[in-house]
Amino acid sequence: MAAADSHSSALRRRDLCSRAIRLAGKMRADVVDLLDTYVERQGLDASASVAAVEGVPLAAVERWDEQTSTQRLLENLAAYRAFRALLAQMLEEQREQLGEADAGLGRALAAVLLQVSAFTYHLEELLRLESRGIPGEEEEEEEEDGPPPPPRLSIFEQKLRGLGVLRELAQWAVRSARDLRQLAKPSAASGTAPGLAESP
Amino acid sequence: LGTPQNLKCITHNLHKMICTWDVSSRGRHGQTDFCYTTNDLTPQVCFKTKERRVEIPVPESSSTVTIKSSGTAFATKEFIIHQKDISFFPVTPHILSLTPDFSTSTLNLKWSDNGSVFPYGLDALWQIQILRKETMEEVTKVTYYSKLTHEDLILSWSWSSDMPLECTSHYVKLRCYINATQFVGPKDWSDWSPAEVIPGKDTEPGGSGVFPLDTVVAVGSDMTFCCVHEEDQHITNMTYGSKPYKMIQLSSRSHAIRVLNASASDTSGTNVVCHLKNGMDGTVVFVGYAPDIPQNLSCETSNFLIIKCTWKPGRPSGLYGERRTKYSLFDRMSGKNVSCEVNEMNRDRACGFPVLPDQKTYDFILGVSNAIGQAQSSLLVDITQRVHPKTPEKLTVTGNNSTSIQIRWFINGSFAGIRLLCQIEVSGGHSERKLHNVSMPGGKSSTYTAQVNALRPYTKYQFRVRCSAADHFWKWSDWSRGMEQATAEA
């Protein structure tokens, strides 16, 4: 009976991974489109280098191939929860600053936020399959004794932060797809770091 | 030997003068006997002093002064001081306060006119000098006029800088000239007051930023933006929109650009970016228009619950979100004010105002404002003469007999105070479309009934109805949906 359960769990896991990989690809494409629109509508320079923005999780990771499945999932989950909050804030600021004037940008932002939320749900499901407890958002906040309310940024700083958020999200979408492919492998189901079968 | 000489007298207040003198060489400094009389033959006043400086009254025309210095030998010298020889310049004025308003780049200056020491009614001129930058370059020198009232008045004056106060330090100095026409001696400006300073961000350790921060200005404005950076930073260029501008150095940590005749910005504002060696900073300016005077203001009610006012906004302001143009509707009769939720993107503008109990006439002021300006339109209206009922609903037609029908309909709204005029359109029956007018007292969200006679038996007709105010026609409601009904056989 246990064998049957693990087989269905592996099937469920592979299904979740493949759906999440597709979503990550779609999200990547939409974020790249949104980036172009955002840069143009905010009057920014596409080549502008933006310093690391506080609170935006960095997609770059060292020793990617040594990560366990659980580490991958937990890092992805933390990142997309952060992006969900950041995109919601961007949407709020966009309404505040532009109101109805740029509904198109607002809709595109809302669409990406929806995708990030959906992707977060997939990650939580995968973690449940790992019979891992899902760090509640409040726990995460309590661990870091709650994020201090973000300082009120100037409008230009808001624009730059938005640029930084979207750029990093686009990178994360790529990394997540790779993480999920790694998770989809049977070896990954044992929870140990996979062999050096594939490096990023 | 030690003879008093070079007696000079000045006055700061026209009634006391300070006289100073020196003694010819090799005179040892000892006690001096000082005596004076003024020309109005008051008795001579004498006193001893160790100083070569005394304060004595200003004479109406002249004073005789005798100075006996008791140095190595007694040397006495007599002087006649005429008013015309006495120089008058006011005491150096004292700045009470210099307060910056960073949001408007305004300096607010307060000082005392020291009027209590002068006779009533004298004209005073004040020169205010504004200096800027590390090099304290003069930006402007302004003359301010006031009248002395024999009391110490606090005078105040404001100056708006063409550059944000954060950009670099601003200094203010002040001096005074009193036009004492009765005084015949030479008159001159006071000394300049010590400079009061409003330090710029470029003097703050770690101070940095691009200024002004997130402002709203009118199209056509000339503006100065500055980039304040930290000591170890190096600025490469500054752009407005995407165009680089020639930089003006204000200090070692502050550079500025001057933008003339700014054009309207995009919805997200115009970025002003300061490109630094490693990184960038910036601000956003929103360049738009003051609101136009609202055109074609018109108000009506469809239900005697809400008055709906509409207007044409005129030229778009180009400002959105939290900077959008705000609208409010104020009724002078009741003193009630309503702020309107208006979508800047819609061409048509509308605002709802509650119908107030027992009030027919409204004296509306539609106020329109944004950060650049404001405008208003007004309208006096009797809402019983501006009734535009909603579309009649729930139309039912029942056949009475072969030549008449009864038609019923419902109108949302409370028209109890007026009479309604409704039109029933009858078409079909192989005859032209006919309109039947019926009038009835209005009700409160009521159903209304009418009868249509003179129809052909056993014939199919289409009916629809619309209504308006009977006594003061304003607008018809839209037509109701049509209803088909056949008359009974004869």
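Within every chain, numbering begins at 1; the chains are lettered A, B, ... in the order of the sequence lines, protein sequences first and strands thereafter. This is a predicted model, so every value here is computed, not measured.
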Is Lys326(B) close to Cys340(B) at the side-chain level, that is, under 4.5 Å between some pair of heavy atoms? no
Measuring only between side-chain heavy atoms, which start at C-beta, is Gln42(A) closer than 4.5 Å to Leu163(A)? no
Given that the side chain runs from C-beta out, which part of Thr283(B) has a heavy atom under 4.5 Å from chain A: side chain, backbone, both or neither? backbone
Less than 3.5 Å apart, any donor N or O on the side chain of Gln182(A) or Gln67(A) sitting next to an acceptor on the other? no
Can a side-chain donor-acceptor contact be found between Thr325(B) and Asn370(B) if the only test is distance below 3.5 angstrom? yes
Measuring heavy-atom distances to chain B, does Asp45(A) have an atom under 4.5 Å in its side chain, in its backbone, in both, or in neither? neither
Quick one: are Phe211(B) and Val228(B) in side-chain contact, heavy atoms under 4.5 Å? yes
Tell me, for Ser49(A) versus chain B, whether the close heavy atoms (under 4.5 Å) come from the side chain, the backbone, both or neither. backbone
Per the disulfide bond (SG atoms under 2.5 Å apart) rule, what does the pair list look like for residues 7-116 of chain A, sequence neighbours excluded? none
Pro291(B) vs Tyr327(B) side-chain heavy atoms within contact, under 4.5 Å: no
Expected contact set for residues 28-35 of chain A against chain B at heavy-atom separation under 4.5 Å reads none
Part of Ala48(A) within contact of chain B (heavy atom distance under 4.5 Å): both
What part of Leu160(A) gets closer than 4.5 Å to chain B, counting heavy atoms only: side chain, backbone, both or neither? side chain
Working for ring-ring contact (aromatic ring centres under 6.0 Å, His included), residues His229(B) and His255(B): CA-CA 9 Å; His229(B) 50 83; His255(B) 289 72; 5.6 Å; yes
